[in-house]
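Reviewing the structure listed below.
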Amino acid sequence: MIIATWNVNSLNVRMPQVLAWLAEWRPAILGLQELKQTTEAVDVEAIRSLGYEALVNGQKTYNGVALIYDAALGAPTDVVTDIPDFDDPQRRVIAATFGSIRVINVYVVNGEAINSDKFAYKLRWLAALHAWIKQERAEYDQLVLMGDFNIAPTDADVYDPESFRGQVLCTETERGHFNELLSLGLTDALRYIEPTEPNYTWWDYRAAGFRRDRGLRIDHVLISEGLRSRLLHAEVDRVARGWERPSDHAPVRITLGAD
DNA sequence: ATGGTCGCTTAGCGA
C-alpha cells in the first residue's frame, strides 16, 4: 500500500492534478497541505468519484490540510484536527486511524525569518507537536507522521548549504526539533531508503528553481518501528512537479508491504 | 545581479 504527502499550494487550482495523481498511483492514504480553501469549498464529490473519501480541516485563504483515503479502507476513527492543549486558529493538523495505522498529517509553520514573530510561533508549534507525538507514540504502534515540515534536516537536503546556513528552514534550532521527533522512535522513510541522494521536495517558483534543481527536502514521511519493518520503497515524485502549472512541492510517497 | 513567481484577493501578504 502507498501512503503519500503533498503540499498542493491551493487545492482549488491543483484539484485536477490531485485527481490525476490518485488515479495513477491509487494510494491508500494521501495527506495534503496548503489547501487555501475552507472545508466546505473542497470538491469532495470529485474525490468520491474515484473511490476516495476525504477528511478536511480547511480555512479561507491560508493553510488547510486534508487526508484523502481509499473508501475501501472504511471509516477512520479518532479524528483529530488540533494539537491538544495548543490554541491555534491556523488549520495545520489532521489525524486519523485507518485500521491499525495511525496517520498524522501536518503543515508546519514556515517561520518567514529567524527574527520574526512567525519564527517564534514556529518554535512554539514544534514544541507542542513534539509533546503530542510523544503521547501518540505511546498509544499507537504503527504511526505515520507526514507533511510539510518546513525543515531541511541536514545540509545534504539543501542545494546550496552555505547560502542557507542559519536561515529559516535550515537553522540548528529547527533541525533540533526535527531530531527530537526522530528521537521519539520515528524513522525518516526517504532517508532510510535513499541515504545519500538529495531528494529535494520543494523548489522555489522564482528564478527557475526546478529547472536548475535548486531545491530543499522539507516534506517528510516519518514512520514508527512497527511500520519500518514493512517499508519497501520511498520516493519523491518529481514528475508531478514538472506538470503544467504545478505546485512548488512534489509529492513524497512510501510503499508498505503486508503486515 | 540581494531579484525572481505563484495564489489569494485586489495592493499587499505569505510562501
Side-chain angles (χ1 to χ4, degrees), chain A residues 5-21 31-43 46 56-66 88-94 105-126 129 146-153 157-171 173-175 177-178 198-220 236-252:
Chain A
T5 178
W6 194 5
N7 179 321
V8 291
N9 185 23
S10 167
L11 185 55
N12 183 47
V13 171
R14 234 64 69 189
M15 181 62 93
Q17 295 183 27
V18 169
L19 297 174
W21 202 88
L32 302 178
Q33 305 89 35
E34 280 208 86
L35 307 185
K36 296 186 173 181
Q37 61 182 175
T38 62
T39 300
E40 300 72 34
V42 173
D43 185 2
V56 182
N57 185 17
Q59 70 177 86
K60 189 174 162 64
T61 311
Y62 303 115
N63 310 309
V65 288
D88 186 6
Q90 301 192 13
R91 305 292 78 204
R92 297 178 174 278
V93 166
I94 185 128
N105 177 39
V106 297
Y107 174 46
V108 176
V109 178
N110 174 285
E112 190 193 20
I114 58 171
N115 291 318
S116 67
D117 290 346
K118 294 194 187 78
F119 191 73
Y121 165 49
K122 181 177 194 173
L123 299 186
R124 286 190 293 109
W125 202 95
L126 286 165
L129 177 67
M146 65 180 178
D148 178 357
F149 285 69
N150 271 313
I151 301 173
D157 303 305
V158 182
Y159 74 90
D160 182 359
E162 290 313 317
S163 72
F164 278 85
R165 180 93 47 223
Q167 301 296 309
V168 70
L169 312 182
C170 300
T171 66
T173 306
E174 291 159 281
R175 288 173 172 177
H177 278 283
F178 186 82
N199 271 310
Y200 306 137
T201 66
W202 171 85
W203 300 260
D204 201 317
Y205 284 127
R206 294 167 290 189
F210 184 62
R211 183 178 59 73
R212 300 200 277 179
D213 199 22
R214 296 184 167 203
L216 273 64
R217 192 175 72 97
I218 57 175
D219 303 85
H220 309 293
V236 177
D237 187 352
R238 297 171 67 108
V239 174
R241 181 60 179 80
W243 283 346
E244 188 96 7
R245 206 180 181 190
S247 168
D248 45 354
H249 295 251
V252 181

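Just so it is clear: chains get the letters A, B, ... in the order the sequence lines come, proteins before strands, and each one is counted from 1.
- Using P as the reference atom, B:dT5 and B:dT10 are 23 Å apart when rounded to the nearest Å.
- Remark: A:D117 CG is loosely packed, at most 12 non-hydrogen atoms of other residues, nucleotides or ligands lying under 6.0 Å away.
- Shown for residues 209-219 of chain A: no residue has heavy atoms falling under 4.0 angstrom of DNA chain B.
- For A:E174 (side chain) and A:T171 (main-chain N/O), a donor-acceptor pair under 3.5 Å exists by modelled atom type.
- Nucleotides of DNA chain B lying under 4.0 Å from heavy atoms of chain A occupy a range whose first and last members, 5' to 3', are B:dG4 to B:dA15.
- Judged by distance alone, the side chains of A:R91 and A:N63 never bring a donor and an acceptor atom under 3.5 Å apart.
- A:Q33 pairs with exactly one of A:D148, A:N7, A:N105 by the side-chain hydrogen bond (donor to acceptor under 3.5 Å, both in side chains) rule, that one being A:N105.
- For the pair A:N63 and A:R206, both in contact range of DNA chain B, the more 5′-proximal nearest nucleotide belongs to A:R206.
- Under the 4.5 Å side-chain criterion, counting only non-hydrogen atoms from C-beta, A:R175 is in contact with A:C170.
- Rounded to a whole angstrom, the distance from the C1' atom of B:dC8 to that of B:dG3 is 22 Å.
- In summary, A:D213 and A:R238 engage in a salt bridge, as defined by a charged side-chain N under 4.0 Å from a carboxylate O.
- A distance of about 25 Å separates the P atoms of B:dA1 and B:dC6, rounded to the whole Å.
- Rounded to whole Å, the separation between the C1' atoms of B:dT2 and B:dG7 comes to 24 Å.
- Along DNA chain B, the nucleotide closest to A:R14 and the one closest to A:D148 are compared, and the more 5′ of them pairs with A:R14.
- The residue A:E34 sits close only to the backbone: its heavy atoms come under 4.0 Å of sugar-phosphate atoms, none of a base.
- Looking at A:D237 and A:W6, their side chains never bring a donor and an acceptor atom within 3.5 Å of each other.
- Note on ring orientation: taking the six-membered ring where Trp is involved, the planes of A:F178 and A:F149 are perpendicular (angle over 60°, cut-offs 30° and 60°).
- Separating the P atom of B:dC13 from that of B:dG4 is a span of 15 Å, rounded to the nearest Å.
- There is no side-chain donor-acceptor pair under 3.5 Å between A:N110 and A:K122.
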